[in-house]
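Right, one structure below, let's go through it.
Side-chain atoms are counted along with the backbone in the values below, which use heavy atoms only and exclude waters and symmetry mates. All chains are named by letter (A, B, ...) in the order of the sequence lines, taking the proteins before the strands, and each is independently numbered beginning at 1. Please read all numbers here as calculations on a predicted model, not as lab measurements.
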2 protein chains.
Amino acid sequence: MSQVSAPQDGGFLLDAEDVEQISRAAWYYYNDGLTQNHIADLLGVSRIKVSRLLEKGRQTGLVELRINSPHEGSLRLQEELVAAFGLTDARVVPAAEGLPAAPRIGRASASLLTQGLAPNDLLAIGWGEAVSTTLRYMAPVFPQTNVSLVSLTGGVSAYIGNTGLYGPQGFAHLIPTPLRVSSPELAEMLRVEPYVRHVLDMALTAKTALIGIGSVARSATLVRYGYCTAAEIELFTRQGAVGDVLGYFYDRDGQILDLDVHRHVVAVTPEDMRQIPSVIGAAAGPEKVEAILGLLRGRLANILVTDEPTAKELLRRI
Amino acid sequence: MSQVSAPQDGGFLLDAEDVEQISRAAWYYYNDGLTQNHIADLLGVSRIKVSRLLEKGRQTGLVELRINSPHEGSLRLQEELVAAFGLTDARVVPAAEGLPAAPRIGRASASLLTQGLAPNDLLAIGWGEAVSTTLRYMAPVFPQTNVSLVSLTGGVSAYIGNTGLYGPQGFAHLIPTPLRVSSPELAEMLRVEPYVRHVLDMALTAKTALIGIGSVARSATLVRYGYCTAAEIELFTRQGAVGDVLGYFYDRDGQILDLDVHRHVVAVTPEDMRQIPSVIGAAAGPEKVEAILGLLRGRLANILVTDEPTAKELLRRI
DNA sequence: CGCACAAAGGATCATTTGATCGTCATTCTG
DNA sequence: CAGAATGACGATCAAATGATCCTTTGTGCG
């Protein structure tokens, strides 16, 4: 159960002065249409620095490109997904061969959440790369809107450092345990531990949840983080698993399997998660298709963020 | 009381296909960082067309650059304004000598509103250039969020065409009269006319209002649109007027003056407008300083959108 | 039918931009 | 404290971009 560190690149941290300069530069550049040279004069820095400020702004999500239209990628595909799976909403990012899917999905979910969250809302988060990437892009949004985070599963703190979000104090309520522990007894003890219990309960009061959708590929994030071995995944697959949510494996109809491993998990159950009105599942890629299909068939999420090829494949296999 | 047409440039209309192409191009360009050449290949159009699509997206507000930080311009100035005038919030756009102020203020208010409005909200709007410019940038937002508009004054339909918003059907409830009419009797008859009455009442149920702040310069928008003559403005000034909201002139303490012209106005009164929890006043420029000061002293608005030089001047003259 | 006109698309080229590399300062480490 | 490593910064130059001008394609009107 060794827990390797994230294979991602480091976090992006901004101090107050950065934020001020980036915001100012971004305003001049994007809204006023000034050249970087002109901005450099206004800010009293070199032109190249302006270029870097803008770059940093985009990278961190401080500067967000918002497309005021549901047409991101394809309105048609979005509508078809909603109709086909009885969803509340869907986002489909445009196709782009060769580009890594994770950050693209992350941006899309971040944008969806930024629009959907009201000030002081509570956002419940699951486990996975999609969640991690989304949070990174949302980092600048939290301090502004005063949105709090609460985790649906253990193991979240292992990667939340990547996102540039600070500590568990204040606005992040994270379950301070791994996602999976070595024995059912320990898992049970942790679940009834007051603070853990408290966070689990609180998570269910959120109006919005963001969850990753795990595939049962040998390259699954669960494996890469050391939560499962490839052999276990292999075994679960033979028992009918097509994917996982919150560490629980389900079959092609979205029914949670009766697996031993589930008794080792410290997390809200998918069944309890149904109490949350908006559950956003985010995933893309050919290896995720089966997992997404199962999740949607089982109505374990009602909003989907994915990309164009994946959406097409989902609709084909309906 | 002749009503000249808007001195603005024409509206920007987008059809569904434009929206699709622009959204896609914008996603590829800003989020994925692809070059325009690459995007041209993906979309099957010429590179230069991609350039124009992106340009159009920014112009129309379909592509909005959102800065996820309250630091637009200067956090310090914003905080000082809030403290000095007991405001709920403030936005200060960065200084930029030589750039026309109107579109910059418009973008800032549009951004503030886009963030603040919930789906299905009702937005009350006053009269003026700042309102008109703001609405232009918000045009793509309305169909998406299902926000409805309601006018606080007559005369709004005269310029709403500029914004790319369609007709009064559906989401815009506009008072179908001029702002000012030729006799007090006619004004009174209009005010009690059922539909007008209905809109006036509805406007007061909005949770958010956006209003312009009129100066008493000879170049005031009221004059340019033919609602007032320069001579009248001159006269009002001698009676203590420093500015107007919704067609009503007030003095340096924000007290509405007892002027004959007010009996010719078809609009909600500033007094009634206090029922609206968030009243956003938007204005900038040296000639507006006195008007803004009066408005804020009289607590006729509790959120201010302005630019950096204006904010500094306001704080100096406090 | 032809003409003028406007709108959209495309080619050219000056400007703007960001990738690359080298320098300097700062911090970590032995 | 030296040395290495890291990161910030700026110069250079190739690539990307958009302003300008020109061509094409409709569109209305005499």
- Message: Expressed as a whole number of angstroms, how long is the span from B:Glu55:CD to C:dA8:C1'?
- Response: 16 Å
- Output yes when B:Arg24 and A:Glu308 qualify as a salt bridge under the 4.0 Å nitrogen-oxygen rule, no when they do not. yes
- Query: Quick one: which of C:dT17, C:dG10, C:dG9 gets closest to the side chain of A:Tyr29?
  - Reply: C:dT17
- Determine, stepwise, if the pair B:Leu112 / B:Val305 fulfils side-chain contact (heavy atoms from CB on, under 4.5 Å). CA-CA 9 Å; B:Leu112 182 67; B:Val305 179; 3.8 Å; yes
- Query: Side chain of B:Arg52: nearest nucleotide among D:dG10, D:dT20, C:dG18?
  - Reply: D:dT20
- Expressed in angstrom and rounded to an integer, what is the separation of A:Lys49 atom NZ from D:dA11 atom P? 14 Å
- Query: In whole Å, what is the span from the CG atom of A:Leu34 to the C1' atom of D:dA19?
  - Reply: 17 Å
- Between the axis at one end of the helix from C:dC1-D:dG30 to C:dG30-D:dC1 and the axis at the other (five pairs apiece), what's the angle to 10 degrees? 30°
- Task: Could you tell me which residues satisfy side-chain hydrogen bond (donor to acceptor under 3.5 Å, both in side chains) with A:Thr134, sequence neighbours excluded, listed by chain and number?
- Result: A:Ser109
- Message: Among C:dG18, D:dG18, D:dC9, which nucleotide has an atom closest to any side-chain atom of A:Arg58?
- Response: C:dG18
- When you get a sec, tell me which of C:dT16, C:dA11, D:dT17 is the closest nucleotide to the side chain of B:Ile48? C:dA11
- Item | Donor-acceptor pair present, B:Arg47 side chain and C:dG9 base, under 3.5 Å | no
- State plainly whether the residues A:Arg104 and B:Asp32 are in salt-bridge range, i.e. N to O under 4.0 Å. yes
- Item | B:Arg58 vs B:Glu64, side-chain contact (heavy atoms from CB on, under 4.5 Å): CA-CA, chis, key distance, verdict | CA-CA 7 Å; B:Arg58 274 170 296 187; B:Glu64 179 192 342; over 6 Å; no
